[in-house]
Amino acid sequence: MVVKLDKIFDSAARNSLFKDKFVLQANHTPETIPHRDKEIEQVAAILAPCLKGEKTSNLFIYGNTGTGKTLSVQYVKNELLKRAGTTPFKLKIEYLNCKLKKIADTDYRILAELIKKLGGTVPATGLPTDSVYNKFIDLIDKEKQILILILDEVDQAVKKKSDSFLYNLTRLNAELTNTQICLVGISNDLRFLDDLDPRVKSSLSEEEIVFPPYNALQLQDILRNRAEKAFHKNVIDEGVIEKCAAFAAREHGDARRALDLLRVAGEIAERGGEKKIKLKHIDLANSKIERDKILDLVESDPKQFQLVLSAILSLTEKNEKIFTGEAYRVYQELCRKTGTEVLTQRRVSSIIGEFDMNGLITTKNISRGTYGKTREIKSAIPPEIEGQVKVVLRDALSL
DNA sequence: AGGTATTCACATGAAACTATTCTCTGAGTTAGG
DNA sequence: TAACTCAGAGAATAGTTTCATGTGAATACCTGT
């Protein structure tokens, strides 16, 4: 055993393809952001008045995941702060990601987090929300300053709660005497603004910027840029970058996805003891990412969901087409075996609906005449992963 | 033959219920003055 | 005496059940030829 491990460690140390893997990680901030000049300029133009001590318009930014929204805004933030040292008043810019669970998915938590970032303290729990608001107001209104709040993934914060939080924030300026607040909302859901209270909507989106997805050529640039720093020279085979970009472009131009792909491909090549990243590694990486995504999803689902999925998978073995009724019967069987309580068909039906949403299965409503109307269920899990999914399910359910 | 009525096996929606998590209030505690 | 802490009451939420209503077409049942 020891000998074997030694070998592994040795080879890992010897022929590392990576120079700096961190560059490919999602949270890395590069110095240059290719193909976003126009957007960055727009953002900067809108926020620039804050350098003169004026209140800027609230800004709302849309765009799919991996289109550089967060990156661009962070970049502008840093540039503004660099300049801010020379201004006669204070300029503060706070960035907050509302999606991080357990940190900021209720207005209380978001406020608590903001207060913490601004140097105040709040008990983790126990205070009424209004008093936290007041504390927040006190804290920022103590001195004359301009505060820019960047709320990343605002849609998440609003989806859970109501939009009252945003409403309060937009009205905040009225209560402040010294400080001016500007809001920058970032969201990847284009429809998000539509089901917002009109008052909030108009006030939050005084300005709007849309970040379009990257096309394949732009993705190539981005990848080349980063690959140069991430890998040693000449480790990337001909066409690899192009293929990476093409894959990611298919996925709505998601740059994050492209970088992941390249990184995982690198890891696979390295583990295989190869000196170069080849085209086949991209394919392998693609299916690995896909596989991990599915396995994660399956693993983190609640037990009842796993039971339903097990039922569907065990039926898939036997025949191509599955109907809700059959699936429900097998599911009941499984519940009895595992000693789990049986959910109603109504619920199982909506669980199946959720699987459809996640892309684990596909369903189609069909009518079978006298034999009723039902959903035709097909597993969308690639056959080569199915085995692993089953193992995960078996472990989780201790079958 | 051609038309329409029925019927199946669920889908889909809305409301009600329930267990768990959050928020809030006031009593008790601490610490500073 | 003001500020903090904490337990328990009450509110909010997520997950589920119950009840109600809808649905497309194969089949059964007419109806007049």
Side-chain angles (χ1 to χ4, degrees), chain A residues 98-116 118-139 142 154-169 195 197 297-312 315-316 319-336 338-358 360-380 396-397:
Chain A
C98 308
K99 197 185 176 180
L100 303 171
K101 284 204 169 158
K102 298 287 166 200
I103 296 178
D105 59 354
T106 65
D107 48 354
Y108 182 98
R109 294 219 182 108
I110 292 174
L111 279 173
E113 192 61 24
L114 280 173
I115 292 175
K116 217 190 290 168
L118 291 166
T121 53
V122 243
T125 174
L127 283 179
T129 308
D130 334 1
S131 76
V132 182
Y133 265 108
N134 290 331
K135 190 154 192 177
F136 178 65
I137 292 172
D138 287 350
L139 189 66
K142 261 189 307 201
V154 239
D155 44 335
Q156 296 294 323
V158 174
K159 227 171 256 170
K160 299 272 170 185
K161 296 280 295 184
S162 63
D163 47 15
S164 62
F165 168 66
L166 282 178
Y167 180 63
N168 287 337
L169 274 185
D195 27 85
D197 187 314
L297 200 62
V298 171
E299 210 168 354
S300 61
D301 268 342
K303 199 166 181 186
Q304 294 287 0
F305 282 58
Q306 295 177 336
L307 280 165
V308 176
L309 190 62
S310 300
I312 292 172
L315 278 169
T316 312
N319 39 18
E320 261 299 295
K321 291 174 183 172
I322 310 166
F323 304 111
T324 308
E326 285 174 78
Y328 186 62
R329 247 165 270 130
V330 177
Y331 157 79
Q332 282 176 304
E333 189 74 14
L334 279 174
C335 282
R336 220 169 303 133
T338 54
T340 324
E341 60 178 317
V342 184
L343 297 182
T344 47
Q345 178 154 318
R346 176 70 187 82
R347 180 87 257 264
V348 171
S349 175
S350 43
I351 289 175
I352 290 173
E354 280 186 47
F355 281 145
D356 193 16
M357 295 280 300
N358 298 336
L360 286 180
I361 59 175
T362 54
T363 66
K364 199 162 61 173
N365 283 9
I366 54 155
S367 176
R368 291 179 298 161
T370 321
Y371 306 106
K373 198 160 122 53
T374 181
R375 256 193 301 215
E376 187 184 300
I377 303 165
K378 256 194 239 163
S379 159
L397 302 169

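Below, chain A is the first sequence line, B the second, and so on; all start at residue 1.
- For the atom pair CD1 (A:I312) and CG (A:L360), the distance works out to 9.0 Å, reported to the nearest 0.5 Å.
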Scan nucleotides 7-14 of chain B nucleotide by nucleotide, 5' to 3', and note B when protein non-hydrogen atoms come under 4.0 Å of the base, S if they reach only the sugar-phosphate, - if neither. -BBBSBB-

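- Between A:L343 atom CG and B:dT18 atom P there is a gap of 16 Å when expressed in whole angstrom units.
- Atom CD of A:E341 is separated from atom C1' of B:dA19 by 12 Å (rounded to the nearest Å).
- Residues satisfying the side chain to side chain contact (heavy atoms under 4.5 Å, CB included) test with A:V348, not counting sequence neighbours, are A:V308, A:Y328, A:Y331, A:L343, A:I352.
- Interatomic distance, CG of A:N365 versus OG1 of A:T374, reported as 8.0 Å (0.5 Å rounding).
- Ion pairing between A:R336 and A:E333 holds under the 4.0 Å rule for side-chain N and carboxylate O.
- Taken to the nearest 0.5 Å, the NZ atom of A:K378 stands 12.0 Å off from the CD1 atom of A:I361.
- The line from NZ of A:K364 to NZ of A:K321 is 7.0 Å long, rounded to the nearest 0.5 Å.
- Annotation: side chain of A:L309 is not in contact with side chain of A:D301 (no heavy-atom distance under 4.5 Å).
- Spacing between atom NZ of A:K303 and atom P of C:dA14 amounts to 23 Å, rounded to whole angstrom units.
- End-to-end axis angle of the helix from B:dA1-C:dT31 to B:dA31-C:dT1, using five pairs per end and rounding to 10°, comes to 10°.
- Residue contacts for A:V342: at a heavy-atom cut-off of 4.0 Å it reaches the sugar-phosphate backbone alone, with no base atom in range.
- In this structure, CZ in A:R375 is found 11.5 Å from CD1 in A:I366, a value given to the nearest 0.5 Å.
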